[in-house]
Amino acid sequence: MKTADIMGVRFHAVTLNEAVDYAMNRIHMKKKGYIVTPNPEIVYLTLDDPAFRSLINGAALVLPDGIGIIYAAKILGKALFGRVTGIDFADLLMHRLAQEGLRLFLLGAKPGVAELAAENLQKKHPGLIISGCKDGYFQDSQEAVDAINAAGGAEVVFVCLGAPKQEHFMAEQLDKLDASLLCGLGGSLDVFAGTVKRAPAIFSKLGLEWFYRLYKEPWRFRRMLKLPLFFLLAVKKRFSIGQKEGDS
Ligand code: UDP
């Protein structure tokens, strides 16, 4: 599979359909792995944390979530097909799981949210089997592992604990879990439950989902300050690559 290196993070250059086909193939082969959907904030986190970067790069699929990654790819002259957001990926994957009678477990968010999400998701994807739910505020990871395995496991687990907690959980607990594929999906359960609204289509069309989120959740301001730094770094990197190429 083609990849594009964006500041040390190896993104897969895939369309939404290719990503889901690939995930389903792995599920059919019972191949264990996890999927990550880094946005610029997460790529920024990896810059000073090589262990976290290896965790991200160790994923079976690294999907470019967020228009910021696509802009950075353009700045750096790297080819990515476009955005594959965690929510869109999850939606198509659930459609396929429902068709094939495969099981899903929902892990994360505040108590009660995953159950609400499960109800909505089963309405949206008739036939979807949800083997269980567990909130994301556990003291010890083993508690979550036990909850998933006690439910009889699942082919897929949505791990929605926010970054970098969910990536650590997936890489560290994968072997202990009775599951093939773990998907790190941040705040998606809140969106599926309807407790947080997804940006209206016009915002995502214009690449302004981040702006809508900032307007709705202004406390994200501090985190989002990393965005301009991220782009500055991309420009700096492009410039230094250009210079090196010019030198030789
Ligand atoms: N969360 C959790 N356990 C924690 C911390 C956070 O389950 O210890 C949940 C939180 O309730 C929210 C999600 O993780 O549902 C993080 O959402 P956010 O939108 O901040 O994630 P992002 O995708 O931006 O990392």
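For this chain, numbers begin at 1 and follow the sequence in order. Both backbone and side-chain heavy atoms feed into the values below; hydrogens, waters and symmetry mates do not. Note that ligands are numbered from 1 as they come in the structure, with each ligand's atoms numbered from 1 the same way.
Closer than 4.0 angstrom to ligand 1 sit non-hydrogen atoms from Gly108, Ala109, Lys110, Gly136, Tyr137, Cys160, Leu161, Gly162, Ala163, Lys165, Gly186, Gly187, Asp190, Arg213, Arg220, Arg223.
Salt bridge annotation for Arg96-Asp21: present, with a cationic side-chain nitrogen under 4.0 angstrom from a carboxylate oxygen.
Judged by the 6.0 Å distance and 45° axis criteria, Lys165 is positioned over the aromatic ring of Phe138.
Side-chain atoms of His168 and Gln173 include no donor-acceptor pair closer than 3.5 Å.
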Pairs of donor and acceptor atoms involving the side chains of residues 56-72, under 3.5 Å and at least two apart or interchain, shall be tabulated with distances.
residue, atom, partner, partner atom, Å
Asn57, OD1, Arg10, N, 2.9
Asn57, ND2, Gly8, O, 2.9
Asp65, OD2, Gly86, N, 3.3

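Of all heavy-atom pairs between Phe105 and Ser131, the closest is CD1-OG, 3.7 Å.
In this structure, Met7 is a member of the same hydrophobic cluster as Leu55, with clusters built from ILVMFWY side-chain heavy atoms closer than 4.5 Å.
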